[in-house]
2 protein chains.
Amino acid sequence: MSANFSVSEENYIKAIYHIQQSVDTVSTNALAEQLKTKPASVTDMLKKLKTKKLLHYEPYQGVRLTAEGRKLALGIVRKHRLWEFFLVEKLQFGWDEVHEVAEELEHISSKKLIDKLDAYLDFPRFDPHGDPIPDSSGRMAAQQQINLIDLPLNTPAEVCSVGSQSAELLELLTHKQISIGTRLEVKKQFGFDHSIEIRVKNQPAFTISQQLAQVLFVKRV
Amino acid sequence: MSANFSVSEENYIKAIYHIQQSVDTVSTNALAEQLKTKPASVTDMLKKLKTKKLLHYEPYQGVRLTAEGRKLALGIVRKHRLWEFFLVEKLQFGWDEVHEVAEELEHISSKKLIDKLDAYLDFPRFDPHGDPIPDSSGRMAAQQQINLIDLPLNTPAEVCSVGSQSAELLELLTHKQISIGTRLEVKKQFGFDHSIEIRVKNQPAFTISQQLAQVLFVKRV
DNA sequence: AAATTATTTTAGGCAAATCTAAATTTTATT
DNA sequence: AATAAAATTTAGATTTGCCTAAAATAATTT
């Protein structure tokens with residue numbers, strides 16, 4: 001039954017899946033940038049993947065995965081995250097050095113392999129970055145969000161929710177230029193007042209209070 | 001330093017390596033058959049691999065790996081056999097169902113991965129088929145040959161050497177249609193006279209004496 | 001030694017996945 | 001609404017790895 005796709009095709013499907021986490025329709029340019037290729041190449045591949053019914057695509061209208069495409073994407077994500085878990089848990093890799101290797105391993109096709117690996121690892125639900133691992137039928141836990149207070153030092157993360165909607169909080173966030181999607185790392189933690197020093201992009205680091213940190217939820221990136 | 005080769009290139013190098021175990025120089029046809037491709041395609045690839053200095057090749061003269069080619073081949077063999085060991089030992093695959101999956105895994109490029117896997121498996125010296133696993137510098141134990149007497153029941157094996165050259169022995173072997181390369185399995189062992197019943201390919205099983213079995217050396221296949 | 005057969009190489013093409021440059025369509029701006 | 005800018009697609013090439021058919025070379029047989 002389940003067809004056989006090239007590494008390239010799988011990478012396109014995976015990239016579309018990831019971009020669709022934040023926008024409904026994926027643009028040719030966004031895909032080209034993500035895949036480090038040229039827009040013209042993307043167009044070619046989209047036409048091919050459309051004939052394979054993995055995505056909805058009309059010229060100039062962007063692209064969305066079909067149910068079948070999503071299923072394939074979840075299979076690849078499952079493999080990627082299980083292999084990452086294996087590398088960290090069993091082979092003692094650091095969680096920050098597993099991505100590249102998993103990018104290769106995720107294209108190994110044997111379903112039996114991945115299901116046996118899953119069982120061997122005792123069906124982990126989150127990978128070393130905190131991202132949920134789809135089970136063999138494609139279901140997975142909601143995105144794991146952690147409190148900024150609990151984010152380890154020097155771990156890239158992205159603000160994904162804020163624990164209050166008060167005007168005062170929003171004013172403070174605006175002033176600090178923090179919003180949903182802001183990427184940051186914690187550089188220092190001060191035990192005295194539990195304040196933390198964070199760094200956004202390449203800007204200079206600055207300090208935020210315990211009270212503020214406690215209402216910010218992030219996911220590792 | 002170590003360059004990056006395509007899956008196809010690696011498969012050619014590996015095939016040449018294996019064929020060179022029994023003959024010094026590998027013919028285009030032999031390679032084509034092993035790789036399930038056409039001789040013309042082989043010629044193309046040989047020309048390419050020659051420019052990469054992985055092999056010695058002159059038109060019509062067959063091919064031999066260079067030291068560099070051999071090193072690459074040993075790296076691939078190492079990966080293949082370590083993954084096979086992993087699949088059987090940790091993931092509970094049967095030893096007869098790991099080959100295909102290992103054919104894919106052997107092309108994962110990370111050296112760090114394979115060295116960590118090696119350590120995790122506690123540096124095994126033989127894979128589940130009894131073939132030796134090269135260490136990280138390419139050294140490996142001699143081919144594991146065992147006496148036919150010691151071959152477990154129902155284990156496919158191949159005759160690889162004969163412990164005597166006597167005419168009488170050769171006559172007997174000819175009559176039983178056993179030669180180097182014959183594939184067989186032991187189906188029964190009789191304690192009374194230590195004779196064993198063996199089966200060659202799909203032919204009916206037949207019995208051979210203890211004396212004969214003792215001079216036949218096989219390797220698992 | 002000549003002729004036949006088998007092996008190997010060359011020549012010319014094809015499909016996948018990419019690229020650059022040019023044309024087209026959409027979106028944004030005046 | 002017209003124009004400028006941005007995004008996207010088309011057209012035409014390139015590379016890799018494979019193919020078939022034909023030519024060249026080597027090996028075998030008579």
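Within every chain, numbering begins at 1; the chains are lettered A, B, ... in the order of the sequence lines, protein sequences first and strands thereafter.
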To the nearest Å, give me how far apart CE (A:Met45) and C1' (C:dA16) are.
8 Å
N-O pairing of A:Glu158 and A:Arg183 below 4.0 Å
yes
Candidate nucleotides D:dA26, D:dA7, D:dT10, ranked by approach to the side chain of A:Lys47 - the nearest
D:dT10
Closest heavy-atom contact between A:Ala32 and A:Pro39?
CB-N, 3.7 Å
Could you tell me whether B:Lys112 and A:Glu100 have a side-chain N and a carboxylate O separated by less than 4.0 Å?
no
Using a strict 4.0 Å threshold on nitrogen-to-oxygen distance, state whether B:Glu68 and B:Lys52 make a salt bridge.
no
Across the strands shown, which category fits B:Thr28 at heavy-atom distances under 4.0 angstrom: base, sugar-phosphate, nothing?
sugar-phosphate
What is the distance, rounded to the nearest whole Å, between atom CG of B:Leu31 and atom C1' of C:dT9?
15 Å
Go through C:dT8, D:dC19, C:dT20 for me and flag the one nearest to the B:Asp44 side chain.
D:dC19
When the distance from CG of A:Asn29 to C1' of C:dT24 is rounded to whole Å, what number comes out?
15 Å
In this structure, how many angstroms lie between the P atom of C:dT24 and the CD atom of A:Glu58, rounded?
20 Å
Considering only side-chain heavy atoms of B:Thr43, which listed nucleotide, D:dT10, D:dA26, C:dT10, is closest?
C:dT10
To the nearest angstrom, the NZ-P distance between B:Lys38 and D:dC19 comes to 6 Å
Euclidean distance, atom NZ of residue A:Lys36 to atom P of C:dC19 [Å, nearest integer]:
13 Å
In this structure, how many angstroms lie between the P atom of C:dT24 and the CD atom of A:Gln61, rounded?
18 Å
B:Glu106 and side-chain hydrogen bond (donor to acceptor under 3.5 Å, both in side chains): which partner among B:Arg78, B:Lys79, B:Arg81, B:Lys14?
B:Lys14
Whole-Å gap separating P (C:dA16) and CG (A:Leu49)
12 Å
Measuring to OP1 and OP2 of D:dA7, would you say a side-chain N or O of A:Ser27 lies under 4.0 angstrom away?
no
C:dT18 phosphate, OP1 or OP2: any side-chain N/O from A:Ser8 under 4.0 angstrom?
yes
Which residue lies toward the 5' end of DNA chain C, B:Pro39 or A:Val7, if each is placed at its nearest nucleotide?
B:Pro39
A:Thr37 side chain: which of D:dC18, C:dC19, D:dT8 is closest?
C:dC19
Nearest-nucleotide wise, let me know which of A:Ser6 and B:Tyr57 is further upstream toward the 5' end of DNA chain C.
B:Tyr57
Selection from C:dT18, D:dT20, D:dT10 that lies nearest to any side-chain heavy atom of B:Ala40:
D:dT20
Taking 4.0 Å as the cut-off, does a side-chain nitrogen or oxygen of A:Tyr12 come that near to OP1 or OP2 on C:dT18?
yes
Any base atoms under 4.0 Å from A:Pro59, or only sugar-phosphate, or nothing? Heavy atoms, all strands.
sugar-phosphate
